[in-house]
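Since this is a predicted model, take the numbers as computed values, not measurements. Proteins get letters first, then strands, A, B, ... in listed order; numbering begins at 1 in each.
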Amino acid sequence: MTNRIETQSDSRLRSWLARWTRLDDFSRALVDEPSDGVSAWLRTTAGIVVMLLAVQIVTGALLTFYYAPSAVTAHASVAFIEKALPGGSWLRALHHYGSQWLTLFLGLHLTQMFWFARYRRVPVAWLSSILLLGLVLAGGAAGYSLPWDARAFFSTRVGEGIAGGLPLVGNGLRRWILGGAEVSTLTLSRLFALHVLVVPALILLVVAARLFVFREPAHTDDVNQSKRTWASAQFVRNVIAASVVFAALALFTAKYRASLGPTADEAMPGYLPRPGAQFLWLFQMLKMLPGAMASLFAVLVPGLMLGALAALPFIDRRKGDDSGVATKRKLGVSVFAVGLLFIATMTALAYIADRRNPRVRAQLAKQVAEESAFRTAPYEPLRIRTGDAAEAVAANAGTTKTLTRSPDEAPPMYIKFCANCHGKAGQGVKPFPKLLDVAAKPKRTVDDLAKLLSDPVSYGLEPPMKSFSSKLNEAEMREIAEWVATLKKAK
Amino acid sequence: MRGDVATILRSFRLECNSFRSGRRDNFIATFNIVRARCSRHHHSGRSNANGRCAQSYREFHMTNDSDETNKSNRSDRSYGLNEVDTPNQPRRRFLLLLSTGFIAAMTATIAGAAIRFLRPRNSSAQDGKWLDVAPVANLKGNKPIMQTIAAERRAGWSVTVEEQTVYVLPYKNNEVVSAICSHEGCNVSWHDEASGFVCPCHDSLFASSGDRVAGPSRRGLDPLPSRVQNGILQVQFVAFVNNIKERVPRG
């Protein structure tokens, strides 16, 4: 009895939807030809891509609730998301790795479509997938700069260099990307606008255009019972596949956090930026090319790859071929396979090269240590002080400052500039030295320690220890020195 | 419940079978023929290719559909999830329910994190810090004295300094009142001719003691905790909830 009632309401809903919406059209647009078994499951890459796109949009929107796009505030706001907000680190990891997975599954989607020669039957779907891949890569590249930590900053520099090295348009393009002559807060604003407005808008436009405008002519639906059934079956498959991938991504990101290091000016010299996984192959290629050709290749190679894929429906126009099985297209398949193999090899090589080179390995280990020290340090909000009000606070602070900090507690400037390497309590963070009992050493009185902060070289210290004369005033150096001199090894 | 499990197993078995037996859906053959026709039309470059295509498609199905239906009824063959079944068949209903459940689970996972992520943060002004207003020796007369204090406010990733206006009432034992109107939060100013505080936004009027006199406000100006330390008047800055009768600190 209940069954029948539900069925009735079910069909009533259906007929209502059929009458007042274009849901049927919509679902038809997603469907071209029924298939079953493994090929039907392979086709769920479409559903996975849609899910990952949705995850990117939702997590991106959430991050925008806190992110503040300027060179002054960006890092502080991302650190706040990462270190202080509940769930912030997970959502950011979802967004970070989601974009890499999205690239991967778009690649698999294209591979799958290529294998079944679907660019012949549904050229528009094929072309829009390629456009999507290009946009997703562009979005990822722009998004990489947004945290404005050392990695983001130096990656922006590299990207700028690549753009600048292009013949003819190079310098103009570089200035257009940077918004000036140097990497600055204007660059960050530009990349932010591209990342959160322009690229997502274009992605949505491509998806919407594919679904509603540029699609295969609709067939009359009175004979389409089988297609409709197939569509709903394929919908179930898509949902199942997308859920599995979602669960995998959720678990992966619960374990692996998106990276966030200290800012560029707090990082040590010799910082080694590494691109996101989806760009590693390009990066590896750059290492193997002479500098003069690097820019051209970095743009030409991916450009030609996407261009060749986009040209496929116009090149391969064989007709009457029943299923377009891959084995019949030996040349095409081998070219495609070589391309995939090239990308995979280069990516693998990039990882291997980093493992093999001891200098790189040591530097990366240092960066990991630096980053984990930054992560474990307590969250310090950004102090924004302006004009008269700031002076008034400074005047107030004169009387209260010494009261707010007990002598055991590290000075805030120590936490900001020193704790990343020397530890919150001076215990040292490998591979950097500890400061406990430092006052017992020769030439390490409070005066010496204060002077050492502005001129480490004359005290025989080597990089990465650097001068802080541009970051700290004398009172702050003195405060740090006095505190460091009190540090004793626990007995 | 057992029915559900059996349903899942059955659908997976069907999927596997249809793959293993290498059978392709009968409709594939149909579509291939249609496509062959279509592509012939397209390649011959006729202007009405699409129309012809749809037409031939329909014709083809008209002639073949009945045959198709009979066959599947007769042999009761099924092709995994693609199986054509009636809407109230439990398996299909269950599968749709299952996918709805999966979508709901994904949405709920993100939504749960989003709610925790977006929950409003406590922005504590000052944490009871005492701020200098002025030396007590300078506070004389029978008119309120306007002073600004710089209150530090921590909000999320930033610590900002906000200038706040307060009035010291030397004739009322150096009481300090906030200039923030208790109605909708504009800053009041002292008017000699009215001998009272007037709010510029909605014309609330307060007496020189800070008490409410006229206008839409529902309570007087808010006094701030104050003390004298080493001859200097100090206050703690507190913001209160607007437009209610009681004085409730924000938080």
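Heavy-atom neighbours of chain B within the stretch residues 72-80 of chain A, taken at a separation under 4.5 angstrom, comprise A/Thr73, A/Ala76, A/Ser77, A/Phe80.
If you measure heavy-atom distances from A/Leu63 to chain B, the contacts under 4.5 Å come from both the backbone and the side chain. A/Leu62 touches chain B through backbone and side chain together, each having a heavy atom under 4.5 Å away. Contact annotation for B/Thr109: both backbone and side-chain heavy atoms come within less than 4.5 Å of a heavy atom of chain A.
Of the listed residues (A/Pro86, A/Ala247, A/Gly88), the greatest number of heavy-atom pairs within a distance under 4.5 Å of chain B belongs to A/Pro86. Taking chain B as the reference chain and counting heavy-atom pairs below 4.5 Å, the highest number among A/Trp90, A/Tyr66, A/Phe65 is found for A/Tyr66. Looking only at heavy-atom pairs under 4.5 Å with chain B, the residue among A/Gly87, A/Ala250, A/Ser243 that has the most is A/Ser243.
Side-chain N or O atoms of A/Gln56 include one that pairs as donor or acceptor with a backbone N or O of A/His95 at under 3.5 Å. B/Ser178 places a side-chain N or O within donor-acceptor distance of the main-chain N or O of B/Ile180, the cut-off being under 3.5 Å. Remark: side-chain polar atoms of A/Thr44 are not paired, donor with acceptor, to backbone N or O of A/Ala40 under 3.5 angstrom.
Taking the centre of each ring, A/Phe246 and B/Phe102 stay at or above the 6.0 Å mark.
Every residue two or more places apart in sequence or in another chain that forms a ring-ring contact (aromatic ring centres under 6.0 Å, His included) with A/Tyr97 is listed here: A/Phe252. Residues satisfying the side chain to side chain donor-acceptor pair (under 3.5 Å) test with A/Thr263, not counting sequence neighbours, are A/Asp265. B/Thr165 is linked by a side chain to side chain donor-acceptor pair (under 3.5 Å) to nothing, counting only residues two or more places apart in sequence or in another chain.
Contact check on A/Arg257 versus A/Glu82 returns no salt bridge, with no Lys/Arg side-chain nitrogen under 4.0 Å from an Asp/Glu carboxylate oxygen.
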Could you walk me through whether A/Leu260 and A/Arg92 pass the side-chain contact (heavy atoms from CB on, under 4.5 Å) check?
-> CA-CA 10 Å; A/Leu260 180 72; A/Arg92 197 173 151 251; 3.7 Å; yes
